[in-house]
Amino acid sequence: MKKTLAALLLLGMPALALAKLPVVASFSIIADMTREIGGDRVEVVSLVGPDQDAHVFQPSPADIKKVSAAKVLVVNGLGLEGWMSRLDKAANFRGVTVVASKGIKTRQAPEEEHAEGDHDHDHGDVDPHAWHDPARVQTYIHNISAGLIQADPAGKAEYQRRASEYAAKVQALDAWAKQQFASVPAAKRKMLTSHDAFGYLGEHYQLQVLAIQGVSTEAEASAKGVAQLTRQVRNERVKAVFMENMTDARLLKQLSTEAKVQIGGKLYADALSGPKGPAASYLQLMRYNVETIMKSFR
């Protein structure tokens with residue numbers, strides 16, 4: 001043991017550096033970004049796992065322990081994690097909190113004309129799904145990197161290097177996606193999803209995105225709203241109709257039947273897939289979603 005410690009010290013690697021920085025991320029997409037930037041210096045735990053819904057998540061006593069033991073807490077912000085303030089308080093968290101979306105230009109949430117009741121009070125009037133715009137994700141990368149550096153200054157060079165490399169990958173993905181969508185006439189870039197999670201994607205790539213629910217999966221679509229969407233889908237000849245990986249697709253199936261359009265596949269909105277799925281990372285999620293949407297446009 002003494003020889004091992006001596007060897008580490010000679011190499012300029014204190015024994016304490018072997019301990020990874022404990023990080024808790026609110027949900028799987030944010031957790032993946034944090035792992036990409038943190039590399040081997042961090043140990044990241046995601047509260048909301050793959051194929052799970054952050055909108056309706058209910059923290060457990062085990063989650064309180066996870067947050068209490070963490071040195072860094074990474075959240076999306078913009079009202080997505082309405083349960084986070086209660087969890088933070090219960091855990092008596094004293095570490096660095098990173099709001100990944102801090103500083104981005106937000107998109108206003110659409111009026112809840114297809115929903116009954118006020119289920120989106122945590123979001124206010126802001127759409128929280130900003131990660132569907134790779135250009136805005138550059139701000140996520142900067143914020144996460146800065147938070148890790150604040151908690152672990154010794155890793156600054158490593159975090160900056162990895163953040164720069166990851167930012168380049170996201171930028172390349174964005175350029176590829178723009179080329180894909182540019183091959184489709186703007187008038188035909190219309191799609192329908194089960195809840196309004198793709199507004200930033202639509203804004204960035206000039207797609208018309210319709211949705212049965214509002215920006216939260218807690219919103220309940222009314223019969224009147226579904227009927228209005230059915231007429232709109234027919235009138236505008238919308239061809240791209242999609243389910244999502246962590247929402248109830250019954251209303252979407254009903255609408256697709258009434259509007260006589262095929263469901264074009266499953267998109268990943270608020271969560272990654274499992275490790276063996278097609279969207280096990282943020283980059284894979286974006287590429288899979290773009291490819292799936294493009295198949296329906298053609």
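Note that the numbering runs from 1 along the sequence shown for the chain.
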Q: Report the C-alpha separation of N289 and R287 in whole Å, then their side-chain angles, then the decisive distance to 0.1 Å, and conclude whether the side-chain hydrogen bond (donor to acceptor under 3.5 Å, both in side chains) test is met.
A: CA-CA 6 Å; N289 282 350; R287 182 171 288 274; over 6 Å; no
Q: Answer yes or no: does atom NE2 of H204 have more than 12 heavy-atom neighbours from other residues, nucleotides or ligands under 6.0 Å?
A: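 Yes, the 6.0 Å shell around NE2 holds more than 12 heavy atoms from other groups.
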Q: Do side-chain atoms of Y200 reach the backbone of P128 as a donor and acceptor pair under 3.5 angstrom?
A: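 Not confirmed, Y200 side chain does not pair with P128 backbone.
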Q: Nearest heavy-atom pair of L87 and P59: which atoms, and what distance?
A: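 Answer, listing the atom of L87 first, then P59: CD1-CB, 4.0 Å.
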Q: For K66, does the NZ atom sit with more than 12 other heavy atoms under 6.0 Å from it, leaving out its own atoms?
A: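 Counting neighbours around NZ of K66, more than 12 heavy atoms of other residues, nucleotides or ligands fall under 6.0 Å, so yes.
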Q: Is atom CD of Q171 surrounded by more than 12 heavy atoms (other residues, nucleotides or ligands) closer than 6.0 Å?
A: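 No, CD of Q171 has 12 or fewer neighbouring heavy atoms, counting only those of other groups under 6.0 Å.
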Q: May I ask you to test the T292-S296 pair for a side-chain heavy-atom distance under 4.5 Å?
A: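 Counting from C-beta outward, T292 and S296 never come under 4.5 Å.
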Q: Is there any salt bridge (Lys or Arg N to Asp or Glu O under 4.0 Å) pair reaching into residues 140-156, and which pairs are they, with sequence neighbours excluded?
A: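 Sorted pair list: R41-D152.
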Q: Apply ring-ring contact (aromatic ring centres under 6.0 Å, His included) to residues W176 and F181 and explain how you reach the verdict.
A: CA-CA 9 Å; W176 167 81; F181 289 125; 8.3 Å; no
Q: Residues two or more places apart in sequence or in another chain: which of them pass ring pair (Phe, Tyr, Trp, His ring centres under 6.0 Å) with F93?
A: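 F93 satisfies ring pair (Phe, Tyr, Trp, His ring centres under 6.0 Å) with no residue once adjacent residues are dropped.
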Q: Please determine whether a side-chain nitrogen of the Lys or Arg among R35 and D32 lies less than 4.0 Å from a carboxylate oxygen of the Asp or Glu.
A: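 Salt bridge between R35 and D32, a charged N being under 4.0 Å from a carboxylate O: no.
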Q: First locate atom CD1 of I144, then atom CE of M33, and finally report the distance between them rounded to the nearest 0.5 Å.
A: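 Here the rounded value is 6.5 Å.
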Q: Does the side chain of L201 reach to within under 4.5 Å of the side chain of D133, using non-hydrogen atoms?
A: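 No - every pair of side-chain heavy atoms lies 4.5 Å or more apart.
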Q: Establish, from distance only, whether the side-chain atoms of S60 and D63 form a donor-acceptor pair under 3.5 Å.
A: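 On atom types as modelled, these side chains qualify, holding a pair under 3.5 Å.
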Q: Apply side-chain hydrogen bond (donor to acceptor under 3.5 Å, both in side chains) to N76 and Y140, showing your working.
A: CA-CA 9 Å; N76 181 75; Y140 277 53; 2.5 Å; yes
Q: Would you say V96 and L73 make side-chain contact, with heavy atoms under 4.5 Å?
A: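 No, too far: nothing below the 4.5 Å cut-off.
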Q: Mark yes or no for whether Q52, through its side chain, and G49, through its backbone, hold a donor-acceptor pair below 3.5 Å.
A: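 Such a contact is found between Q52 side chain and G49 backbone.
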Q: Can we say E165 and R161 salt-bridge, meaning some charged N sits less than 4.0 Å from an Asp/Glu carboxylate O?
A: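 The answer is yes: the pair qualifies as a salt bridge.
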Q: Please work out whether the ring planes of H132 and F198 are parallel, tilted or perpendicular, with thresholds of 30° and 60°.
A: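 Tilted, since the angle between the ring planes falls between 30° and 60°.
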Q: Taking all non-hydrogen atoms of both residues into account, name the closest pair between K71 and L21 and its distance.
A: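 Heavy-atom minimum between the residues: CB-CD1, 3.7 Å.
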Q: Going by heavy atoms in the side chains, are K266 and F242 under 4.5 Å from each other?
A: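 No; the side chains remain at least 4.5 Å from each other.
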Q: Rounded to the nearest 0.5 Å, what's the gap from OH on Y166 to CG on L283? Could you check?
A: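 CG of L283 is found 4.5 Å from OH of Y166.
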Q: Quick one: side chain to side chain donor-acceptor pair (under 3.5 Å) partners of S68, sequence neighbours excluded?
A: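 Testing S68 for side chain to side chain donor-acceptor pair (under 3.5 Å), a comparison that skips the adjacent residues, returns none.
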Q: What's the verdict on side-chain hydrogen bond (donor to acceptor under 3.5 Å, both in side chains) for H129 and D127, showing C-alpha distance, side-chain angles and the deciding distance?
A: CA-CA 6 Å; H129 305 90; D127 182 348; 2.7 Å; yes
Q: What are the two closest heavy atoms between A269 and W131, and how far apart are they?
A: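 The answer is O-NE1, 3.0 Å.
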Q: Quick one, Q138 and V170 - any side-chain contact, counting heavy atoms below 4.5 Å?
A: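 SC-SC contact between Q138 and V170 confirmed.
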Q: Going by heavy atoms in the side chains, are F27 and V75 under 4.5 Å from each other?
A: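 No, too far: nothing below the 4.5 Å cut-off.
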Q: Does a side-chain heavy-atom distance below 4.5 Å link V48 with E81?
A: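 When only atoms from C-beta onward are counted, E81 and V48 do not touch, as no gap falls below 4.5 Å.
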Q: Check whether S183 reaches the backbone of Q180 with its side chain - one donor and one acceptor, N or O, closer than 3.5 Å.
A: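 Looks like yes, one N/O pair under 3.5 Å.
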Q: Apply the test ring-ring contact (aromatic ring centres under 6.0 Å, His included) to residues W83 and F57: give CA-CA distance (whole Å), side-chain angles for both, the deciding distance (0.1 Å), then the verdict.
A: CA-CA 8 Å; W83 38 268; F57 177 71; 4.8 Å; yes
Q: Any salt bridge linking R136 with E203? Criterion: basic side-chain nitrogen under 4.0 Å from a carboxylate oxygen.
A: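 A salt bridge links R136 with E203.
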Q: Out of L148, V98, V45, which one pairs with V23 under the side chain to side chain contact (heavy atoms under 4.5 Å, CB included) rule?
A: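 Among L148, V98, V45, the one meeting side chain to side chain contact (heavy atoms under 4.5 Å, CB included) with V23 is L148.
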